[in-house]
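Working notes for the structure below.
Every chain is numbered from 1, with letters handed out A, B, ... down the list of sequences. Heavy atoms only: backbone and side chains are in, while hydrogens, waters and symmetry mates are out.
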Amino acid sequence: MSLPERSLCAGQVRPDHLGQELILKGWVRRRRDLGSLVFVDLRDREGICQLVFSEDRTPAAFALAKELRPEYVIAVRGTVRPRGEKDVNPHMETGSVEVEVSELEVLAEAETPPFAVEDEALVSEEMRLAYRYLDLRRPFQNARIVARHRLAQRTRSHLSERGFIEIETPFLTKSTPEGARDFLVPSRLRQGSFYALPQSPQLFKQLCMVAGFDRYFQVVRCFRDEDLRADRQLEFTQIDIEMSFPTEEAIMALAEGLVAALFEEAGLAPPPSIPRLTYAEAMERYGCDKPDTRFGLELGTVSEIARETGFGVFKGALEACGCVRGLAVPGMAGISRKQIDELNGIVKPFGGKGVVSLMRRDGALAGAALKHIGEGPAAAMLEAVEAKEGDLGLFVADGYDTACACLSALRLHFAGALGLVEKGRHDLLWVHRFPMFEWSPEEARWMARHHPFTMPREEHWPLLESDPGKVEALAYDLVLDGNEIGGGSIRIHRGDVQRKVFKALGFSEEQAQEKFGFLLDAFRFGTPPHGGIAFGFDRLVMLLLGCDSIRDVIPFPKTTSGLCLMTGSPGTVEAKQLDELGIAIKEK
RNA sequence: GGGGUCGUAGCUCAGUUUGGUUAGAGCGCCGGCCUGUCACGUCGGAGGUCGCGGGUUCGAGCCCCGUCGGCCCCGCCA
C-alpha cells in the first residue's frame, strides 16, 4: 500500500511537468474543503504545491482527504494539471499548476500545533523557542538555516581554494586566565580537575602555525559563560583563520575577499570600498570603536570654548581632566522639553550625568543652559559641531570615554529616530591601531584589550614596562553597519616579547608558565611570524540576512537567561553522575 | 549584579488608568452545509490556574510584596 519513492519536491512542480504522474511527500499546510471538492496545500523544504481531490474524479483519495488536518505528513500519487486562467495564483511559484491526486497515504497524523506553521503567523519568541522544530518548519525560518549552510560552505570553499586547511582543535581543553568566564567540564578520570570549553581556538591555531601548517581555518564552536544579548549566545560559531609569514595587509586583503564572497553568496552587493580608521580617529569622530558610518552626525570637541564659560557642569568635568564633546542633530531645534528629558535617559546607562541642549531656531539661540553658558560661547559651541539654523546641538561634559559613549548612544538614537540609514546600504570598515591594554579599576591592573598574544607595535616595545597605556597593538577589527563582525591581530611569536606582555598584565613568571607554559615552550622551537582573524559567523549571517537577533540564524538557541526552552537545559543530574565526578552541590 | 518592559482562551491581544454582577475580540479548534478555493465562504459549538505564591480589602485580572519566565539595555563578553 506504500507509495514509492518521491519523484519531486512539492515546491519544484512546474508547467514542465504537465501531464506527468508524480509522487509527492510532505506536510499538509492547509485544507480548503468546498464540499465535494477539496484543496490541500502540500509543503516541503522547497515550497508549496496545491493538491486537488474531487468526489467524482478521485473518490477514494477524496474520502481520505476529508480527514486531513494541518501538519499531517502525507504521500500522494497524482497528475500535474494546468489551472484555469482565473485560477492561477500569481503569489505561488507553483501557482500555474496543481496536482490531481489519485492516491493518498497518511504517513503521520499530527496534533493541532500550538501555532500555525506559516510565515504569517504571529508568534512570541517564547513559543518559537519552546517548539523550535515547528518554528524551523516555517518556510522563512527554514530558509535562514539553509542560507547559513550556504554561507558556511562558501567560506570553506573560498578558504580551501586559497590554501587554507581546516583543522579541528579540542573542545576539552585547559582553562586560561584573561578573557571570558570559562565553561568547565569536570574530569571523571581525574577527579577534582576540570577541562574548559574553548572561548576560541586561539592558542591551538597558533600552535598549528608552529606545526608548519602555514594556513589554517576552522568553522568552529566557541563557548563563553557570559550574559547573553540579542547578538550574543553562550555558544557561537567563529570562522577562525590563521596564517604564517603574514603582513597586516595580507590578512586584511584575505578577510576582505572572504567577506565580499559572502556578500555575493547572500545576494548583496559588497560595499565598494573598505575604509580604515584608527581607533583614536573612530573615537574622535564617532565616539565608538565600531562606528556605524552609514550616516553622519559626527562628534566634535568643544572643551576649549566650554572652558571660557562659567557653567558649573562644564567646569566640573574639565577640572576632573574630562572634556566637553557634542554633536549636531539636523532639523531638531524644535525638540520638546519632554524629548530632552528622554535624552538624559539614553545617556544614563553609559554613566552620563546629563545632556546639555542648545538650539538654533528662528535666528536665535535657545536652550535651558543658555543663560549659564552665554550667547557668545553657545554660538561658538554650535559652530564647532556645525549646527546650522534649525539644528539641535547636544553636549556632554564628562571623562573622554564616558562622553564618547553617551554621544555615540545619542548618535545612534537619532539615526534611528530620523531614519538616516538608507535602506539596503551596508558599510564595512576597518578599525585598527587599538591600544594594547586598558586599565581595569576593579582589578587595579592592565588588561589586554584584544588578547595577551597580540603583537605590540615594535617601536612601542620599550613602553611595555614604562607606559603600557601608550602601547599600540597590531590588531584590527572589521565593522559592518556598526557591528563588530571580525577581529584579529599579528601575534607575538617570540618568547621574550610574550613574557614582557605577561609581565605588563601582572602575571608572575610562575603564573605564565603554569597557564601558558605549553605555548612558551612551543615558541622555543622555531616559530614563524603569524597572525590571523576570526569572524563571528552567527552575527555575520544575521546581518547578511537582515535579521535583528542572532537567535534567528541559530537552529537551536538559548534564551537571554541561558535556558533552552525546548530541552529544558540546563537541568539537574543524577546523584550517581555527580558521585562519579567527585562533585558535591553546595547548599545555598 | 543592576535598570526597563511584558506575562489574560491553543495563538496574538484588549480589559489594569478609577478594585465591583457571568473576563472579551480576532485567528485557530470541533461539528453541519458548500465543485474552483488559495487568509475559501457560511451556520453552529466548545474552550480560562488572568505565570506562580503571599498580602491589603466586604470584594483583586486590576492595588502592594515576593518569585518564575520572555525580550531589550548597562555591567560583563581578551
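Rounded to a whole Å, the CG atom of A:D548 is 12 Å from the C1' atom of B:C71. Atom CZ in A:R31 sits about 9 Å away from atom P in B:C29, given to the nearest Å. Whole-Å rounding puts the A:D33 CG to B:C43 P distance at 17 Å.
On a pure distance criterion of 3.5 Å, a polar donor-acceptor pair joins the side chain of A:E98 and the base of B:G36.
Applying a 4.0 Å cut-off to non-hydrogen atoms, the residues of residues 224-236 of chain A that approach RNA chain B are A:R224, A:E226, A:D227, A:R229, A:A230, A:R232, listed by residue number. Residues from residues 34-43 of chain A with heavy atoms under 4.0 angstrom of RNA chain B, sorted by number: A:L34, A:G35, A:S36, A:L37, A:F39.
If you check every strand for non-hydrogen atoms under 4.0 Å, A:A116 touches nothing. Residue-level contact check: A:M127 touches the backbone only, with heavy atoms under 4.0 Å from sugar-phosphate atoms and none from bases. In this structure, A:P452 reaches the bases: a heavy-atom distance under 4.0 Å links it to at least one base atom across the strands shown. Within 4.0 Å (heavy atoms only), A:Q202 reaches at least one base atom of the nucleic acid. At a threshold of 4.0 angstrom between heavy atoms, the contacts of A:R551 are confined to the sugar-phosphate backbone, with no base atom among them. Contact annotation for A:Q50: base contact, defined as any heavy-atom pair under 4.0 Å involving a base atom.
Under the Watson-Crick or G-U wobble criterion, with both distances below 3.5 Å, B:G61 has no partner in any strand shown. A 3.5 Å limit on both hydrogen-bonding distances identifies B:C27 as the Watson-Crick or G-U partner of B:G10.
Of the N and O atoms on the side chains of A:Q141 and A:R138, not one donor lies less than 3.5 Å from an acceptor on the other residue. Looking only at atom types and distance, the side chain of A:Q233 has no donor-acceptor partner in the side chain of A:R539 under 3.5 Å away.
A distance of about 40 Å separates the C1' atoms of B:G61 and B:C38, rounded to the whole Å.
Proximity of A:S561 to the phosphate of B:G69: no side-chain N or O atom is located under 4.0 Å from OP1 or OP2.
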What donor-acceptor contacts under 3.5 angstrom involve side-chain atoms of residues 225-232 of chain A, with partners at least two apart or in another chain?
unit_1	atom_1	unit_2	atom_2	d
A:E226	OE2	A:R181	N	2.8
A:R232	NH2	A:D227	O	2.9

